[in-house]
Engineer: 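The structure is given below, and queries will be raised subsequently.
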Amino acid sequence: MLLGEMHGGIVQRQMTEMAHGELAALNYLVFRRDGASPKELSQQLQVNTSRVAAILNSLVKKGYVVRRADPDDRRMLQVFITDDGRQYAQEKRAFYLSCCTLLLEQLGEEDAASYVRIVGRIAQLPEPDADLLPGQGEQKRGKKAV
């Protein structure tokens, strides 16, 4: 497998999953706050509550998290990571970091520094207004985007 294919495929999928999917939820519970509420996860992962519900349902089925009633307010739920979930998250994180390390080594010092600088700059950019995105303004006004 070519490094470009690995970077474009595996690493890109890992980045997306680490940012918004099951792995993002697990990483939040492992590295930020175990016992988070679904609402907190929704806010931190920047996904809607129905997406968080789907993520949590899948993680519960896999045995990676458990839901428990909040002891202070039994109407509220808290999400806790299991030992299997913690191990899975740490293995996936290690895999992702090894892919990134390999990529940066293959780029060489100068190109790796440029890549890191550009990715850092992109991360600092503000979210674009939805109306400025191609096709979004027309869809809001009831027109079909081309």
Engineer: Name all pairs fulfilling the side-chain hydrogen bond (donor to acceptor under 3.5 Å, both in side chains) condition that reach into residues 54-65, sequence neighbours left out, sorted by first residue then second.
Structural biologist: E22-S58, E22-K62, N57-R67
Engineer: Name all residues meeting the side-chain hydrogen bond (donor to acceptor under 3.5 Å, both in side chains) criterion together with N48; count only those two or more places apart in sequence or in a different chain, and write none if there are none.
Structural biologist: S50
Engineer: So which pairs with a foot in residues 28-53 pass ring pair (Phe, Tyr, Trp, His ring centres under 6.0 Å), sequence neighbours left out?
Structural biologist: none
Engineer: Any side-chain heavy atom of L41 within less than 4.5 Å of one from L56?
Structural biologist: yes
Engineer: Are the side chains of S37 and V79 in touch, meaning some heavy atoms are under 4.5 Å apart?
Structural biologist: no
Engineer: Determine whether a donor-acceptor pair (N or O, by modelled atom type, separation under 3.5 Å) exists between the side chain of S42 and the backbone of V52.
Structural biologist: no
Engineer: Determine, using the 4.5 Å side-chain heavy-atom cutoff (strictly less than), whether V65 and L77 are members of one ILVMFWY cluster.
Structural biologist: no
Engineer: Under the salt bridge (charged side-chain N to carboxylate O under 4.0 Å, His left out) definition, can you give me all pairs with a residue in residues 35-49, not counting sequence neighbours?
Structural biologist: R33-E40
Engineer: Sequence neighbours excluded, which residues qualify as side-chain hydrogen bond (donor to acceptor under 3.5 Å, both in side chains) partners of E109?
Structural biologist: none
Engineer: To the nearest 0.5 angstrom, please state how far the CD atom of Q87 sits from the CG atom of L26.
Structural biologist: 12.0 Å
Engineer: Would you check if Y115 and L103 make a side-chain contact, meaning some heavy-atom pair closer than 4.5 Å?
Structural biologist: yes
Engineer: Once rounded to the nearest 0.5 Å, what's the spacing between atom CG of L45 and atom CG of L23?
Structural biologist: 10.5 Å
Engineer: Would the distance check show the side chain of D34 and the main-chain N or O of I81 forming a donor-acceptor pair, the cut-off being under 3.5 Å?
Structural biologist: yes
Engineer: Checking S98 now: which residues fulfil side-chain hydrogen bond (donor to acceptor under 3.5 Å, both in side chains) with it, not counting sequence neighbours?
Structural biologist: none
Engineer: Please identify each residue that fulfils salt bridge (charged side-chain N to carboxylate O under 4.0 Å, His left out) with E105, with sequence neighbours left out.
Structural biologist: none
Engineer: Would you please name every residue forming a salt bridge (charged side-chain N to carboxylate O under 4.0 Å, His left out) with D73, sequence neighbours left out?
Structural biologist: R75
Engineer: Give, for atom OG1 of T82 and atom CG of L59, the distance between the pair rounded to the nearest 0.5 Å.
Structural biologist: 9.0 Å
Engineer: Kindly give the cluster partners of I118, where membership spreads through any ILVMFWY side chain lying under 4.5 Å from a current member.
Structural biologist: I122
Engineer: Linking Ile, Leu, Val, Met, Phe, Trp and Tyr by side-chain heavy atoms under 4.5 Å, what else ends up with F80?
Structural biologist: V66
Engineer: Tell me every residue that passes salt bridge (charged side-chain N to carboxylate O under 4.0 Å, His left out) with R121, counting only those two or more places apart in sequence or in another chain.
Structural biologist: none
Engineer: Who pairs with A112 by side chain to side chain contact (heavy atoms under 4.5 Å, CB included), at least two apart in sequence or on another chain?
Structural biologist: L104, L107
Engineer: Just verifying a value: how many Å separate L29 CG and Q78 CD, rounded to the nearest 0.5 Å?
Structural biologist: 11.0 Å
